[in-house]
Protein chains: 2
Amino acid sequence: MKGIRQLAKHLDISIGTVSRALNGKADVNAETRQRVLAAAVELGYVANQSGRSLRQGTTNVIGLMMESSKETNENGDNFFLGLTSGLQSVLSRHKLDLIMLPCPSEEDPTEYLQRMVARGIVDGMIISATQRIDHRLDLLSRTKIPFVTLGRSQSGGEYSWVDLDFDGVANSSVDRLIAKGHRRIAVAAPSNDVNLGYIFLDGYRNALKRHGIAYDPSLVFRVKSSEQGGYQAAHEMLLLDDRPTAIILIYELMAIGLYRRLTEAGVIPGRDLAVIGFREEPRAKFLQPTLTCFRMSVRDLGVELAETLLATMPAYASFYPKGACNTIWPLELVPGESDGFERKP
Amino acid sequence: MKGIRQLAKHLDISIGTVSRALNGKADVNAETRQRVLAAAVELGYVANQSGRSLRQGTTNVIGLMMESSKETNENGDNFFLGLTSGLQSVLSRHKLDLIMLPCPSEEDPTEYLQRMVARGIVDGMIISATQRIDHRLDLLSRTKIPFVTLGRSQSGGEYSWVDLDFDGVANSSVDRLIAKGHRRIAVAAPSNDVNLGYIFLDGYRNALKRHGIAYDPSLVFRVKSSEQGGYQAAHEMLLLDDRPTAIILIYELMAIGLYRRLTEAGVIPGRDLAVIGFREEPRAKFLQPTLTCFRMSVRDLGVELAETLLATMPAYASFYPKGACNTIWPLELVPGESDGFERKP
DNA sequence: CTGAAAGCGCTTACAG
DNA sequence: CTGAAAGCGCTTACAG
């Protein structure tokens, strides 16, 4: 005999009372509750999750799906570890636990998610790195499991999401560069189908149009979201006959590789080429000249994501009355020296 | 009605047969099995995990505990993301899933682990960043849940572990520096109670003794395992009257901060000070002069960890006959320019 | 080869 | 305030 039965026997009361005492139900004698609580600590009893879940239909666990692609791994993206801190600060208020579900790169993400959801180990899901077409969202909508995404998508119908303000970054970058006299402004965008690339490029094209500058596809470098991708973008740019005078990067680590390739070619950022990076990143802090980039709090983003998710879960919605919602997460420009020069006409 | 009951009704057979067919039991008519499998796919049926776990007493899930300290987050340690790839490649052979359990920094790690284990959501645990005294290991030993650690500890009694060869790194670093004429060799070691610091320092002291050099405590800088820690170590070193001529770092990102502080002071690595870094790291690749460091495959380490864990689990031990074991994981020296000069006597 | 039944550990109406 | 009992969804001896 083990579990709650053993504890009940040890206390010589019924398992029902033990359960009620442990779960903080009101209709338990104060003294009984104390005895139960004390015995639970003494014997190290914690309710078996499978038993609870089966009975209650909930697990009190929120899942964060991560695609651990080779690319992500090698570049050491600290984004997820930062997010968890903010997520947990909210979830812990409600005694919810966070688990990270790393999808193997060989496995189809939708099938992996399907399996995880069907097994019933989570009450809600957080999905990141949304693709433009992302069947995971269709799956979650169909299954009716509460979820929130970090990033928009064309899939999944109506749902709650939080996304970075890529449009804002594109606009303020272009405006800033044009104010300094630039007309040929390049972009290094992700080569995969992640949705943020599309949003950013839309913003970029609109911003150019606003300034009456024609869109030139040869100035859009589609590269990996990595340091290597930045190197590649610089490499391709240097091969152009009519080089751009400025470049905007859409991934934080690109700047490192870009600087390296530029340095090899004797092109100095901030003097020969204006560079605006994406998210401010500790690893890019050492760059010389300092990088103009955008600041945001990853932890606060985690808070926002968690609250948005809970708002869609019936059991917690009363705490977060905003309900289902879509949030554009702002980024703040941090001026550096990398785009500090005026372009002479 | 839902779950297996619904599926059985749809097929007009008993739930027992459905279960046996789905679980690949031998005593099922081939045609029946086909029908069941087809229907499961069609209706998107996957067995509820809580139901299975409760009945079987296993969850087919392996947990990887991570302490998401602020320090780790901000430094973007890609180590864990790299590990998961290797871990999963082994676990997936046995249809085991990996989940990452991020312990909030506010919470006591042992209590967090206790809760996760008692809930019964994992069949086995992987513990990293072992402390010299680490109550998590005592807990796991007591609970008799299969586990493996990345890193040794004085706690927990007999158990399986894999650990990097810190002693080897210390020895070959010291030997190498001494061969180049250095006598005053400093070390930047972690300031927290993580066990690897102790092991490394033991190796360092023994290596010095082997060469007849007295141990000088003022040459051991205890700093954070981060870029900032490297900066701090360099800073403290520069304040010394009798400066060392060489320094060994025990964390990969320290090199970045160290270089920065040295550069600020006009001290050139590889000319004025010999530097040996720890693990080879993409983010430190850009350093000039190139860093002498040690190479290892994080993915293969994950493979080793997973196989070591499975060897201790009765259900899988037959596949990994090595049984419980302790492995010292080798690192290979990668010569760079940072310690390339001969020290003049 | 299949079905009927027990039971994994819990929580929660229900009765007292 | 407490106990007895049902039942969450599954797997697995057991009987046929």
Side-chain angles (χ1 to χ4, degrees), chain A residues 1-37 39-40 43-61 95 115-123 143 315, chain B residues 1-37 39-40 43-61 95 115-123 143 315:
Chain A
M1 189 171 52
K2 51 177 294 201
I4 198 171
R5 203 139 250 136
Q6 181 182 12
L7 184 59
K9 175 136 191 190
H10 174 256
L11 288 161
D12 202 26
I13 56 178
S14 75
I15 60 167
T17 300
V18 170
S19 175
R20 282 189 295 264
L22 254 22
N23 287 299
K25 303 290 177 185
D27 57 351
V28 178
N29 178 289
E31 192 206 335
T32 307
R33 187 190 306 277
Q34 286 313 315
R35 285 184 57 218
V36 172
L37 257 32
L43 303 185
Y45 171 79
V46 180
N48 174 288
Q49 188 59 39
S50 299
R52 296 195 77 180
S53 301
L54 196 52
R55 175 61 224 240
Q56 297 196 118
T58 67
T59 61
N60 297 319
V61 171
K95 295 192 182 289
R115 187 155 46 90
M116 289 302 166
V117 166
R119 293 170 79 181
I121 55 177
V122 296
D123 291 348
T143 325
Chain B
M1 191 173 49
K2 52 177 293 204
I4 199 172
R5 203 140 247 135
Q6 181 182 11
L7 184 59
K9 174 137 194 186
H10 174 256
L11 287 162
D12 202 25
I13 55 178
S14 75
I15 60 167
T17 300
V18 170
S19 175
R20 282 189 294 266
L22 253 23
N23 288 300
K25 303 290 175 186
D27 57 348
V28 178
N29 178 290
E31 193 206 334
T32 306
R33 188 191 304 278
Q34 286 313 316
R35 283 183 58 218
V36 172
L37 258 31
L43 303 186
Y45 172 78
V46 180
N48 174 287
Q49 188 59 36
S50 299
R52 297 196 76 182
S53 302
L54 195 52
R55 173 62 224 240
Q56 299 197 118
T58 66
T59 61
N60 297 319
V61 170
K95 295 193 182 290
R115 188 155 45 91
M116 289 302 168
V117 166
R119 292 168 80 180
I121 56 177
V122 297
D123 290 349
T143 325

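Numbered from 1 within each chain, the chains take letters A, B, ... in sequence-line order.
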Can you work out whether B:G51 or B:I13 has the more 5'-proximal nearest nucleotide on DNA chain C?
B:I13

Give none if C:dC1 has no partner; otherwise give the nucleotide forming a Watson-Crick or G-U wobble pair with it, both distances under 3.5 Å.
D:dG16

A:S14 side-chain proximity, nearest of D:dG3, C:dG9, D:dT11
D:dG3

Where the side chain of B:I15 is defined as all heavy atoms beyond and including C-beta, which of C:dT12, C:dT2, D:dC10 is the nearest nucleotide?
D:dC10

Just compare D:dT2, D:dG9, C:dG3 and give me whichever is closest to any side-chain atom of B:L54.
D:dG9

Within the distance-only criterion (no hydrogens, no angle test), does the side chain of A:R35 pair as donor or acceptor with the backbone N or O of A:L11 below 3.5 angstrom?
yes

Distance check needed: D:dC8 P versus B:Q49 CD, whole Å only.
19 Å

Just the rounded figure in Å: distance from P of D:dG9 to CZ of B:R20.
20 Å

Whole-Å distance between C:dT2 C1' and B:R33 CZ?
13 Å

Would you classify B:S50 as touching base, sugar-phosphate or nothing, given that sugar-phosphate means primed atoms plus P, OP1 and OP2, and contacts are heavy atoms under 4.0 Å?
nothing

So which nucleotide from C:dT11, D:dT2, D:dT11 ends up closest to the side chain of B:N23?
D:dT11

Tell me: CD of B:Q56 to C1' of D:dA13, nearest whole Å?
14 Å

Return the value, rounded to whole Å, for the distance between atom CZ of B:R5 and atom P of C:dA5.
11 Å

Does A:V36 form a side-chain contact (heavy atoms from CB on, under 4.5 Å) with A:V28? I'd like the steps, not just the answer.
CA-CA 10 Å; A:V36 172; A:V28 178; over 6 Å; no

D:dG9 P sits how many Å from A:I121 CD1, rounded?
17 Å

Contact under 4.0 Å: A:T32 side-chain N or O vs D:dT2 OP1/OP2:
yes

When you measure from the side chain of B:T17, which nucleotide among D:dT12, D:dG3, C:dG3 comes out closest?
C:dG3

I'd like to know if A:R55 reaches the base of D:dG9 with its side chain such that a donor and an acceptor end up less than 3.5 angstrom apart.
no

Close side-chain approach of B:L7 and B:L22, heavy atoms under 4.5 Å
yes

Measure the distance from NZ on B:K9 to C1' on C:dA4 and round it to the nearest whole Å.
17 Å

What verdict does the side-chain contact (heavy atoms from CB on, under 4.5 Å) test give for A:V61 and A:D123, after you've listed the backbone C-alpha separation in whole Å, the side-chain angles of each residue and the deciding distance to 0.1 Å?
CA-CA 6 Å; A:V61 171; A:D123 291 348; 6.0 Å; no

Nearest 0.5 angstrom please: A:T17 OG1 to A:D27 CG, how far?
8.5 Å

I want to verify a distance call: between D:dC10, D:dT12, C:dT11, whose nearest atom is closest to the B:N48 side chain?
D:dC10

Give the nucleotide from the list C:dT12, C:dG3, C:dT11 with an atom nearest to the side chain of A:K25.
C:dT12

Using atom CD of B:Q34 as one end and atom P of C:dC1 as the other, report the distance to the nearest whole Å.
13 Å

